[in-house]
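Written out below as structure tokens is the structure these notes cover.
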Amino acid sequence: MSKVITPQQEDYSKWYNDIVINADLADHSAVRGCMVIKPHGYAIWEKMQQALDKMFKDTGHVNAYFPLFIPKSLFEAEEKNAEGFAKECAIVTHYRLKSDPNNKGKLIVDPDAKLEEELIVRPTSEAIIWNTYKSWIQSYRDLPILVNQWANVVRWEMRTRLFLRTAEFLWQEGHTAHATKEEAIEETTKMLDVYANFVENWMAVPVIKGVKTANERFAGADDTYCIEALMQDGKALQAGTSHFLGQNFAKAFDVKFAAKDGKLDHVWATSWGVSTRLMGALIMSHSDDKGLVIPPKLAPTQVVIVPIYKGDEGLKKMSEVAQSIKVKLEAKNISVKYDDRDTQRPGWKFADYELKGIPVRIALGERDLANGTIEVARRDTLSKETIRIEEVDVYIEKLLIEIQNNLFQKALERRKNMTHEANSYEEFKQILDEKSGFVLAHWDGSPETEEKIKNETKATIRCIPLNNPQEDGICIYSGKASKQRVLFARAY
RNA sequence: CGGGGUGUAGCGUAGCCCGGUAUCGCGCCACAUUUGGGAUGUGGAGGUCGUCAGUUCGAAUCUGGCCACCCCGACCA
């Protein structure tokens, strides 16, 4: 064993780091809090991007790109937004370096090159985008604007973790402008549905759609909708957010439009985003002590073929069959890698592809050649089956669908087992400590109660689920009347 | 940012208390035998001991600054 992964049971947090690093997804860099996303990790991110980008375009959105830098005066325009992000901003103050007269070969910031106005490295782009929209929008005929941007943002987090919270991360941010409140709200929930669809059907991670409490709301939003997922260790992870921004940014940036009746009104806004954090959700939903498990729909390589042979002649025979299998599978739009390297032994390759999370492995040796069979191993269950070689394409095509479904069902089952109802504060705390996971409990609706529960238990209200069943109850903390249970959990 | 810990070859480590240029395993290279679950043998290469400064005849080892990472807290859409 050259690659050792700490077992989940021993230390989940270490396990997570081991997976990220040993599966070649990402690595720490020389920059504090910033990671290098390695080719295997980036390939998965690209698959996510492709699927999401198509969904955005299918719902009428277009891509554009806005600057990395935001002048401070624009950044501070929407007060709540500015306040919310102020503590974690990187700021550009100078534009030139010069040789250090006291230290040969070293550079210093040139004090003569101080910027008139500081530039904020975007932690999110509402400010620069709404400043731009001001010049794009005059009439209801200019609306709606449905723009998305794929970009990097910087948030100077105190403590970082690979993919889950890094100082710089990749994401997409949609920013839309609408003539009416209703249309903007519809957009907000539509994009939440897009996210839920993507995370459940591509990533095979079940989510709960809901709305955030005032405490947890995006700075500058009237309402924040979210999808919440539950990780293997019982902690929640916010997988995506969609914000109804009301007219807050339109007012801050003075973006008005003339309606049909000639009256001027401020534009209604939304913004929505998912980030490379989804990689963390993917890892912590399916992977095991042998390594990463990638759902087939997001696997850069879905099937790997490993030949088992003796000598050059043996390899030649094996390669002919392997290539024909590859062609058959590719005709069904399945991505296949034939690994004929003679520098690694089969056993090594088996372990390595398990570590990297490739959904299906085909092994092919003399024995199979004689029998007209191949061995098919699936990553999700680690089970193996021998099948007739002529049925390979049909079999694998079905298998990939089955693996995708199985991963989702397993995650759904786990979430079901880790979701509990608590009817008293004692019970609530007991569940958090002994079982972890989601806890459904009554809450009196006050930010104060939410804050106290958070301080005492570290559990936060992840969301108020949409279409939440209404039932009379009393708040587990204050004993005041409540109409519905909300979703609590300790979260990443 | 506060408390604790760590940093020695690509990776994991011994040595540090008690100063004299470095241990072991994996990996890497060559050759041979191997190849249906991380092969074996023989030989070999690889190190400014995180970084900068100080003490000293001499620093991986002692002192200080800085950087990074890990754990706990604070913070976090």
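Heavy atoms only: backbone and side chains are in, while hydrogens, waters and symmetry mates are out. Protein chains get the first letters and strands the later ones, always in sequence-line order, with residue 1 at the start of each.
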Picking from rU35(B), rA74(B), rC71(B), which would you name as closest to the side chain of Pro346(A)?
-> rU35(B)
Any N or O donor-acceptor pair linking the side chain of Lys384(A) to the base of rG37(B) at under 3.5 Å?
-> yes
Provide, to the nearest angstrom, the distance between the CG atom belonging to Asp11(A) and the C1' atom belonging to rG5(B).
-> 15 Å
Whole angstrom value for the distance that separates C1' of rG38(B) from CD1 of Ile308(A) | 14 Å
RNA chain B nearest-nucleotide lookup for Tyr309(A) and His28(A): closer to the 5′ end is Tyr309(A)
May I ask you to say whether Asp352(A) pairs ionically with Lys356(A), meaning some side-chain N is under 4.0 Å from a carboxylate O?
-> yes
When we call it a touch if two heavy atoms are under 4.0 Å apart, what does Gly220(A) touch: a base, just sugar-phosphate, or nothing?
-> nothing
First of Glu375(A) and Ser29(A) reached from the 5' end of RNA chain B, by closest nucleotide | Glu375(A)
Stacked cation flag Arg277(A) on Phe169(A), 6.0 angstrom / 45 deg | no
Rounding to the closest angstrom, what is the interatomic distance between rU8(B) and rA59(B) at atom C1'?
-> 14 Å
Touch class at under 4.0 angstrom, heavy-atom based, for Lys458(A) against every strand present | sugar-phosphate
Taking the C1' atom of each, how far is rG27(B) from rG64(B), in whole Å?
-> 37 Å
Pairwise C1' distance for rA14(B) and rG7(B), with rounding to whole Å = 15 Å
So, for Phe253(A) and Tyr133(A), is the gap between ring centers shorter than 6.0 Å?
-> no
Distance-only side-chain donor-acceptor flag, Asp233(A) / Trp15(A), under 3.5 Å = no
Distance between the C1' atoms of rG4(B) and rC76(B), in whole angstroms?
-> 22 Å
Can you check the Lys38(A) NZ to rC11(B) P distance for me, whole Å?
-> 11 Å
Mind checking the P distance from rU63(B) to rC17(B)? Whole angstroms is fine.
-> 9 Å
In Watson-Crick or G-U wobble terms, both distances under 3.5 Å, what is the partner of rU33(B)?
-> rA39(B)
Would you say rC71(B) has OP1 or OP2 under 4.0 Å from some side-chain N or O of Ser13(A)?
-> yes
Output the single nucleotide from rG38(B), rC72(B), rC70(B) whose closest atom is nearest the side chain of Arg159(A).
-> rC72(B)
Pick base, sugar-phosphate or nothing for Gln238(A), based on heavy-atom distances below 4.0 Å to the nucleic acid.
-> sugar-phosphate
Measure from the side-chain heavy atoms of Met158(A) and tell me the nearest of rC76(B), rG37(B), rC1(B).
-> rC1(B)
Residue pair Cys89(A) / Phe75(A), side-chain heavy-atom distance below 4.5 Å | yes
Would you say Asn371(A)'s side chain and Arg367(A)'s backbone share a donor-acceptor pair under 3.5 angstrom?
-> yes
Side-chain contact test, heavy atoms from C-beta onward, threshold under 4.5 Å: evaluate it for Leu162(A) versus Ile21(A) and give yes or no.
-> yes
Quick one: Glu216(A) CD to rC75(B) P, roughly how many Å, whole number?
-> 12 Å
Walk me through it: do His175(A) and Glu126(A) pass the test side chain to side chain contact (heavy atoms under 4.5 Å, CB included)?
-> CA-CA 7 Å; His175(A) 295 273; Glu126(A) 276 79 5; 3.4 Å; yes
Can you tell me how far P in rG5(B) sits from the matching atom in rA45(B), rounded to whole Å?
-> 40 Å
Determine which nucleotide pairs with rC1(B), using a 3.5 Å limit on both distances of a Watson-Crick or G-U wobble pair.
-> rG73(B)
Provide, to the nearest angstrom, the distance between the CG atom belonging to Asn455(A) and the C1' atom belonging to rC75(B).
-> 12 Å
Rounded to the Å, how far apart are Phe350(A) CZ and rG36(B) C1'?
-> 6 Å
Would you please confirm or rule out a distance under 4.0 Å between OP1 or OP2 of rC71(B) and any side-chain N or O of Lys14(A)?
-> no
Can you check the Asp340(A) CG to rU35(B) C1' distance for me, whole Å?
-> 15 Å
Any N/O pairs under 3.5 Å between the protein and nucleotides 32-34 of chain B? List them or say none.
from	atom 1	to	atom 2	distance (Å)
rU34(B)	O2	Arg345(A)	NH1	2.9

Output the single nucleotide from rC75(B), rC69(B), rG36(B) whose closest atom is nearest the side chain of Arg367(A).
-> rG36(B)
Roughly how many Å is it from CZ in Arg341(A) to P in rU35(B), rounded to a whole number?
-> 19 Å
Between Tyr195(A) and Trp272(A), is any pair of side-chain heavy atoms under 4.5 Å apart?
-> yes
If we ignore angles and hydrogens, is there a donor and acceptor under 3.5 Å between the side chains of Tyr338(A) and Ser319(A)?
-> yes
Under-4.0 Å side-chain N/O to phosphate OP1/OP2 contact, Arg32(A) with rA68(B) | yes
C1' atoms of rA32(B) and rC24(B), separation to the nearest Å = 26 Å
Report which part of the nucleic acid Arg361(A) touches: base, sugar-phosphate, or nothing (heavy-atom distance under 4.0 Å, all strands).
-> base
Side chain of Ala351(A) (C-beta onward), nearest among rC70(B), rG38(B), rG36(B) = rG38(B)
When only distance counts, do a donor and an acceptor, one from the side chain of Glu354(A) and one from the base of rG37(B), lie under 3.5 Å apart?
-> yes
Watson-Crick or G-U counterpart of rG27(B), or none if no pair lies under 3.5 Å = none
